[in-house]
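For this chain, numbers begin at 1 and follow the sequence in order. Both ligands and their constituent atoms are indexed starting at 1 by order of listing. Side chains are part of it too, since the values below use all heavy atoms of this structure and drop only hydrogens, waters and symmetry mates.
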Amino acid sequence: MQLSEATIREIVKQVTARLQPTDSTGVFPTMQQAISAAKQAGQTVRSLSINKREKIISGIRAATLQNSEILSRMAVEETGMGNIPHKILKHNLVAEKTPGTEDIRTVAWSGDNGLTLVEMSPFGVIGAITPSTNPAETIICNTIGMLAGGNTVVFNPHPAAVRTSVFAVEMINRAAQTACGISNIATTVDAPSLESGKIMMSHPDIALLVATGGPGLVDAVLKSGKRGIGAGAGNPPVLVDETADLQKAALHIINGATFDNNLPCIAEKAIVAVEEIADELMRFMVNENCYHATAAEIAKLEKVVFVTDTRADNVHNERSIPKALNRNCVGKSAADLLKIIGITANARCIVFEGEKEHPFIAEELMMPILGMVRTRDFAAAVETSLWLEHGYRHSAHIHSKNVDRITNYAKTLDTAILVKNAPSYAALGFGGEGFCTFTIASRTGEGLTSAATFTKQRRCVMSESLCIR
Ligand code: NAD
């Protein structure tokens with residue numbers, strides 16, 4: 001008897017699955033294997049009670065808190081970006097404030113014609129691509145939300161953060177094993193690449209793609225032909241007007257802009273200050289241990305922060321110069337950046353004044369370098385902020401006591417996140433109300449993602465009965 005190719009493939013798949021140890025930690029040599037293991041685990045997850053899903057999530061939260069320092073050290077050592085104390089805060093935040101199954105809600109209508117429910121159901125296997133800037137935070141946050149929604153997930157992490165990402169995936173599976181004897185709720189490959197990402201994006205078993213990263217990644221996911229959630233780049237301006245408490249504004253702006261050395265996509269990237277208070281704001285920022293750089297010093301920094309890049313795909317809009325960020329400068333401390341240009345100063349942030357078109361102001365640097373643009377009045381400040389946000393509709397912040405102005409700014413900027421009179425990280429639930437996420441779907445409009453985002457809606461109708469009013 002001759003077996004068909006499809007039958008042989010099915011037999012190989014089943015034998016391979018049996019050979020996989022039940023305590024697999026989710027890391028595979030190929031993307032195909034990672035997807036197939038997550039698919040198989042998905043069948044088990046579908047049969048779990050919601051209570052059991054929650055038990056696994058509690059295990060992931062506890063493991064994250066326990067390993068938060070290790071994960072933070074690993075990320076800083078591997079990527080050379082950010083700082084350990086802030087990364088510990090970020091991991092703790094993810095563990096404590098990422099929503100679990102309580103986010104999955106049912107909507108019901110009951111009346112003369114019976115009972116109709118809309119329930120949130122899993123997509124199945126989700127393909128998630130994660131950044132180097134918050135590698136483990138994103139993996140843990142995505143897994144909690146996706147599992148709460150009843151899904152399993154395959155990650156294609158940033159190659160520059162592979163060790164940290166693999167550690168996070170292994171930690172998650174160990175927690176799931178301990179809680180419920182399940183493995184492979186999250187899987188990945190041991191050597192992620194653009195190629196493994198492409199395999200994921202076109203694989204028939206991937207029902208939904210979730211992209212957290214820069215514009216190139218989000219473009220690729222949205223062109224894939226699959227449903228995609230795009231959490232892309234931002235360039236958050238922070239507007240300060242003459243009604244603001246300037247001392248507080250300066251402290252909040254510098255706290256936000258220096259958090260994890262300015263790596264978060266929501267962090268303040270440019271200041272827009274009205275003329276009347278611009279000098280005073282600058283003085284308060286200098287009092288917060290900022291280094292007020294001269295034009296010559298900024299010009300020197302510019303030569304090291306940017307490198308020539310002739311890749312066509314780097315020119316993503318009309319502002320783009322044929323230059324790319326020097327990855328050795330991204331996520332470095334202000335003191336380290338100053339050292340490169342021969343200045344010894346233990347400053348928290350480098351501040352300077354410039355035109356909105358200055359590349360340190362117009363481009364997303366992810367470094368504690370904050371340029372201030374001066375405008376004649378509030379209306380001009382809103383216009384400048386809108387230009388600086390470049391239509392990403394990601395994040396914008398404001399310090400003002402005038403509610404009408406705040407409303408005007410919020411409506412005009414139309415961003416997924418708008419923080420008023422607080423550091424940007426308040427938006428993540430850090431010193432602000434609300435839940436935490438590390439995937440802010442600015443590009444595709446879901447906003448701050450949570451378990452509910454990773455579900456599809458299904459309507460279930462019972463006609464002429466089950467209404468018991
Ligand atoms: P990056 O875009 O370099 O990489 C992100 C991921 O996408 C990596 O896994 C990378 O390998 C992959 N990738 C990159 N280009 C790709 C392409 N063309 N096709 C397929 N995969 C591709 O991002 P990064 O430097 O690690 O992270 C910083 C960027 O991500 C910043 O722009 C930041 O604003 C953004 N970010 C956004 C959010 C959000 O929630 N909106 C969160 C974190 C980071």
Side-chain angles (χ1 to χ4, degrees), residues 31 75 78-82 87 90 94 98 127-139 141-142 145 154-162 164-166 188-189 191-202 209-224 226 228-236 259-269 309 311-314 316-317 320 324-331 363-367 389-390 392-395 415-417 424-425 427-428 436-450 453:
M31 181 51 80
E78 184 177 18
T79 64
M81 302 191 291
K87 285 206 187 284
K90 284 162 72 180
V94 159
T98 303
I129 301 131
T130 51
S132 55
T133 46
N134 320 306
E137 299 92 316
T138 311
I139 285 179
C141 185
N142 281 179
V154 184
F155 287 105
N156 196 57
H158 198 294
V162 63
T164 314
S165 305
V166 160
T188 190
V189 286
S193 60
L194 283 181
E195 201 43 50
S196 57
K198 271 193 200 142
I199 294 171
M200 168 195 274
M201 286 186 213
S202 59
L209 290 166
V210 178
T212 311
L217 166 66
V218 178
D219 283 348
V221 161
L222 296 185
K223 281 183 200 150
S224 70
K226 287 188 188 290
I229 294 178
N235 191 45
F259 191 54
D260 206 15
N261 297 346
N262 200 258
L263 285 180
C265 53
I266 57 157
E268 293 83 349
K269 301 282 192 285
D309 182 3
R311 283 177 311 154
D313 65 355
N314 191 45
H316 51 83
N317 57 44
S320 287
L325 280 182
N326 177 354
R327 298 299 294 196
N328 294 328
C329 293
V330 174
E363 299 293 321
E364 182 196 40
L365 294 185
M366 295 181 285
M367 298 168 208
E389 218 278 318
H390 306 310
Y392 292 139
R393 293 190 168 79
H394 189 298
S395 298
T415 45
I417 284 176
S424 51
Y425 48 66
L428 300 182
C436 164
T437 186
F438 276 86
T439 295
I440 297 142
S442 42
R443 213 34 208 276
T444 45
E446 292 83 356
L448 284 86
T449 60
S450 63
T453 321

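Heavy-atom proximity to G232, at under 4.0 Å, picks out these atoms of ligand 1: 37 (C), 38 (C), 39 (C), 41 (N). For ligand 1, the atoms sitting less than 4.0 Å from at least one non-hydrogen atom of A233 are 32 (O), 34 (O), numbered in the order shown with element in parentheses. Annotation for ligand 1: atoms under 4.0 Å from non-hydrogen atoms of N156 are 9 (O). Counting the atoms of ligand 1 from 1 in the order shown, those under 4.0 Å from a heavy atom of I129 are 6 (C), 7 (O), 9 (O), 12 (C). Contact atoms of ligand 1 toward T439: 40 (O) (distance under 4.0 Å to a heavy atom of the residue). Which parts of ligand 1 touch E364 is read off a 4.0 Å heavy-atom cut-off, strictly below it: atoms 31 (C), 32 (O), 33 (C), 34 (O). Which parts of ligand 1 touch N134 is read off a 4.0 Å heavy-atom cut-off, strictly below it: atoms 43 (C). Listed by atom number, the atoms of ligand 1 under 4.0 Å from H394 heavy atoms are 39 (C), 41 (N).
Panel note: side chain T164, backbone A136; no donor-acceptor pair is recorded below 3.5 Å. A donor-acceptor pair is defined here as one N or O able to donate and one able to accept, closer than 3.5 Å; no such pair exists between the side chain of E446 and the backbone of T453. Without hydrogens or angle criteria, T449 side chain to T439 main chain gives a donor-acceptor distance under 3.5 Å. Listed for the S196 side chain is no donor-acceptor partner under 3.5 Å among the backbone atoms of P192. Side chain of H390 to backbone of Y392: no donor-acceptor contact under 3.5 angstrom is found. S442 contributes no side-chain N or O that, together with a main-chain N or O of A416, makes up a donor-acceptor pair within less than 3.5 Å. Here the side chain of N156 pairs no donor or acceptor atom with the backbone of L194 at under 3.5 angstrom.
Residues L365 and N262 form no side-chain contact, since every pair of their non-hydrogen atoms from C-beta on lies 4.5 Å or further apart. Between R327 and S132 the shortest side-chain heavy-atom distance falls below 4.5 Å. By the 4.5 Å heavy-atom criterion applied to side chains, Y425 and P264 are not counted as neighbours. I129 has its side chain within reach of M201: a pair of non-hydrogen atoms, C-beta onward, lies under 4.5 Å apart. In this structure, the side chains of T79 and H158 stay at 4.5 Å or more apart for every pair of heavy atoms.
Proximity of A220 to ligand 1, defined as any heavy-atom pair under 4.0 Å, is confined to the side chain (atoms from C-beta onward). In A211, neither the side chain nor the backbone holds a heavy atom less than 4.0 Å from any atom of ligand 1.
Compare I417, T449, T212, L263 by their heavy atoms: the one nearest to atom 42 (C) of ligand 1 is in T212. Distances from atom 2 (O) of ligand 1 to the heavy atoms of G230, S193, A441, G214 put G214 nearest. The closest heavy-atom contact to atom 44 (C) of ligand 1, among the options T133, V330, T79, comes from T133. Considering P159, G216, C265, P131 only, the shortest heavy-atom separation from atom 38 (C) of ligand 1 involves C265. Of the candidates P215, S196, G213, G213 brings a heavy atom nearest to atom 30 (O) of ligand 1. Distances from atom 3 (O) of ligand 1 to the heavy atoms of K198, M200, H158, R443 show the closest one on H158.
Looking at ligand 1, you'll find an N or O of I440 within less than 3.5 Å of one of its N or O atoms.
Ligand 1 lies less than 4.0 angstrom from a heavy atom belonging to R327. Using 4.0 Å as the threshold, G234 has a heavy atom nearer than that to some atom of ligand 1. Contact between M201 and ligand 1 is present, with at least one heavy atom of the residue lying under 4.0 Å from the ligand.
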